[in-house]
Amino acid sequence: MTPKPPGPDGGWGWVVAAAAFAVNGLSYGLLRSLGLALPDLAEHFDRSTQDTAWVSALALAVQQAASPVGSALSTRWGARPVVMVGGVLTSLGFVFSAFARSLLHLYLGLGVLAGSGWALVFAPALGTLCRYFSRRRVLAVGLALTGNGASSLLLAPTLQLLLDTFGWRGALLLLGAITLHLAPCGALLRPLVLPGDPPAPPRGPLAALGLDLFARRAFSVFALGTALVGGGYFVPYVHLAPHALDGGLGGYGAALVVTAAALGDAGARLLSGWLADRGWVPLSRLLAVFGALTGLGLLAVGLVPLVGSREGCGGPLLAAAGVYGLSAGSYAPLVFGVLPGLVGVGGVVQATGLVMMLMSLGGLLGPPLSGFLRDETGDFTASFLTCGSFILSGSFIYMGLPGALPSCRPASRPATPPPERGELLPAPQVALLSPGGPQSTLDTAC
């Protein structure tokens, strides 16, 4: 099924947005809540926090490092079959892990098998969504990425209930059934042909993976900043709940902290997408600002004093988690929304896979480093401070992107792309301005 190019920003695109919403929720949302099971795994296998952190870290790293493979397969065969196969692999990974007899089995099941399945679903789904939208692209991406927060809101207390009722083995088995719903989500990703698409899939491994995109200076700057941000961005996914447990909160108190971060995250993604599509501020500048706020939010989570009992919720940590969720949620849609302005809509699927791979470099090191610092210091304060500094460093690198800093010269208005083309046309001074049309504000301040 290859439909004609649709009207601007509508039609089947909203169905694709709903599918991407579910894909994001069943990947990153589930990963964020999985930290609630780590203390049970550490107790059952009598291993350290650092050892168990590798379960989530491997799943995250494999999911992101193998994302270019998912993008390449999607470019060759289409997003629909690739995402459906990825959903089956993810489900099998959870089912296999439910029968684990050692941490090695969990590394292979959750880390390698489920991580590989997630690698096949996220980049193709999000890349397909970007192709369906132009003027409201960042809002559509933000809507899809709220699946992360919405899923965490539901899965955090649900997973704690499953752990209390069925133990970690039963919980993983049921999560395997839930993640199988990724397959029907993939079936909704109807292919779309746009003017300007290459007549044939790229040939050769380098072209298929999109590695030639690194020859573009702006994308290289973006890549370096994103790799540094990845060093700290995913630490709360793994260690926010254990951080709350270390502070004296019970299991449901820790789940409430994760829920607070998820609520802030979900709401901010929609607001950030709407703001970016207005065209008032260049996307690259918003990316740098919200990235810096995310780093400061992570510092706050590490520094805030934990107050509360086993029955309490820890008000200061709850507030800090909410602030972190707001800033992290504002950052997330901009990372993917800026890509069409850097590489064009024709390369957005490959660029999405490369971004996921870059973030995996930090995602592989961040949680184990956090666990190591916790084992050495006795709490997660040093962990969150170190990882927050990684995010601040990456945000500083983003300032090298076009339009990130105010210009002393009047900038020409960005050209509005044809609705059916779905990509930003180059504008010399502010190539990364959101496609807001004639109401976009000139970047003239010093």
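These values consider heavy atoms only, across backbone and side chains, with no hydrogens, waters or symmetry-generated copies.
- Interatomic distance, L110 CG to L30 CG, rounded to the nearest 0.5 Å: 9.0 Å.
- Between the T90 side chain and the T179 main chain, no donor and acceptor come within less than 3.5 Å of each other.
- Side-chain atoms of S91 never come within 3.5 Å of backbone atoms of G87 as a donor-acceptor pair (strictly under, hydrogens ignored).
- Proximity of Y331 to I391: side-chain heavy atoms (C-beta onward) are nowhere separated by under 4.5 Å.
- For R137 (side chain) and C130 (main-chain N/O), a donor-acceptor pair under 3.5 Å exists by modelled atom type.
- Residue L34 holds its CG atom at 14.0 Å from OH of Y28, rounded to the nearest 0.5 Å.
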Kindly indicate, with the supporting measurements, whether the criterion side-chain contact (heavy atoms from CB on, under 4.5 Å) is fulfilled by Y398 and R285. CA-CA 8 Å; Y398 285 148; R285 192 175 305 167; over 6 Å; no
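- With hydrogens and angles disregarded, a donor-acceptor distance shorter than 3.5 Å links the side chain of H243 to the backbone of V301.
- Taking 4.5 Å as the limit, every side-chain heavy atom of L113 sits out of range of all side-chain heavy atoms of L108.
- Considering only heavy atoms from C-beta on, S330 stays 4.5 Å or farther from L271 through its side chain.
- L106 is listed as a side-chain neighbour of L172, based on a closest heavy-atom distance under 4.5 Å.
- With rounding to the nearest 0.5 angstrom, the OG atom of S272 is 6.5 Å from the CG atom of L286.
- Classified by interplanar angle (parallel below 30°, tilted 30° to 60°, perpendicular above 60°), the ring pair F96/H105 is perpendicular.
- Side chain of S71 to main chain of S67: a donor-acceptor pair is present (N/O by atom type, distance under 3.5 Å, no hydrogens or angles).
- Other residues, nucleotides and ligands place no more than 12 heavy atoms under 6.0 Å from the CZ atom of F396.
- Residues R216 and L342 fail the side-chain proximity criterion, which asks for heavy atoms closer than 4.5 Å.
- Within the 3.5 Å criterion, the main-chain N or O of L162 finds no donor-acceptor partner in the side chain of T165.
- The minimum heavy-atom distance linking G231 with C387 is given by the pair O-SG, 3.9 Å.
- Panel note: side chain R269, backbone L145; a donor-acceptor pair is recorded below 3.5 Å.
- Heavy-atom contacts from other residues, nucleotides or ligands closer than 6.0 Å to NE2 of H181 number 12 or fewer.
- Rounding to the nearest 0.5 angstrom, the gap separating the CD1 atom in I397 from the OG atom in S220 is 12.0 Å.
- Checking Y107 against S102 by side-chain atom types alone, no donor-acceptor pair falls below 3.5 Å.
- When atom types are taken as modelled, the side chain of S27 and the backbone of N24 share a donor-acceptor pair closer than 3.5 angstrom.
- Listed here is the closest heavy atom pair of V83 and A125: CG2-N, 4.4 Å.
- Rounding to the nearest 0.5 Å places OG of S389 at 13.0 Å from CZ of F384.
- Separation of atoms CG (L298) and CG (L293) is listed at 12.5 Å; rounding is to 0.5 Å.
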For F390 and Y233, what are the C-alpha separation, side-chain angles and deciding distance, and is it a ring pair (Phe, Tyr, Trp, His ring centres under 6.0 Å)? CA-CA 8 Å; F390 279 124; Y233 189 84; over 10 Å; no
Could you walk me through whether W14 and F133 satisfy the ring pair (Phe, Tyr, Trp, His ring centres under 6.0 Å) test, starting with their C-alpha distance in whole Å, then the side-chain angles of each, then the deciding distance to 0.1 Å, before giving a yes or no? CA-CA 9 Å; W14 294 114; F133 287 86; 4.8 Å; yes
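- In terms of heavy-atom proximity, S383 sits nearest to S370 at OG-O, 2.7 Å.
- In this structure, S284 and G403 approach most closely via the heavy-atom pair OG-C, 3.2 Å.
- Taking the six-membered ring wherever Trp is involved, the centroid distance between the rings of F94 and W118 falls below 6.0 Å.
- The shortest heavy-atom contact between G70 and V82 is O-CG1, 4.1 Å.
- Between the side chain of H239 and the backbone N or O of P236, no donor-acceptor pair lies under 3.5 Å.
- At least one side-chain heavy atom of F222 sits under 4.5 Å from a side-chain heavy atom of L287.
- Using a 4.5 Å heavy-atom threshold, the side chains of L299 and L392 count as touching.
- Proximity of T386 to L373: side-chain heavy atoms (C-beta onward) are separated by under 4.5 Å at one or more points.
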Determine, stepwise, if the pair L174 / F166 fulfils side-chain contact (heavy atoms from CB on, under 4.5 Å). CA-CA 10 Å; L174 291 172; F166 302 106; 4.0 Å; yes
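- Of all the heavy atoms in L159 and A171, the pair that sits closest is CD1-CB, 4.0 Å.
- Although no hydrogens or angles enter the test, the distance criterion places a donor-acceptor pair under 3.5 Å between the side chain of D277 and the main chain of L139.
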From CA spacing to verdict: side-chain contact (heavy atoms from CB on, under 4.5 Å), V95, L173: CA-CA 5 Å; V95 172; L173 196 61; 4.0 Å; yes
Apply side-chain contact (heavy atoms from CB on, under 4.5 Å) to the pair L213 and L354, showing each step before the final yes or no. CA-CA 9 Å; L213 296 176; L354 291 175; 3.9 Å; yes
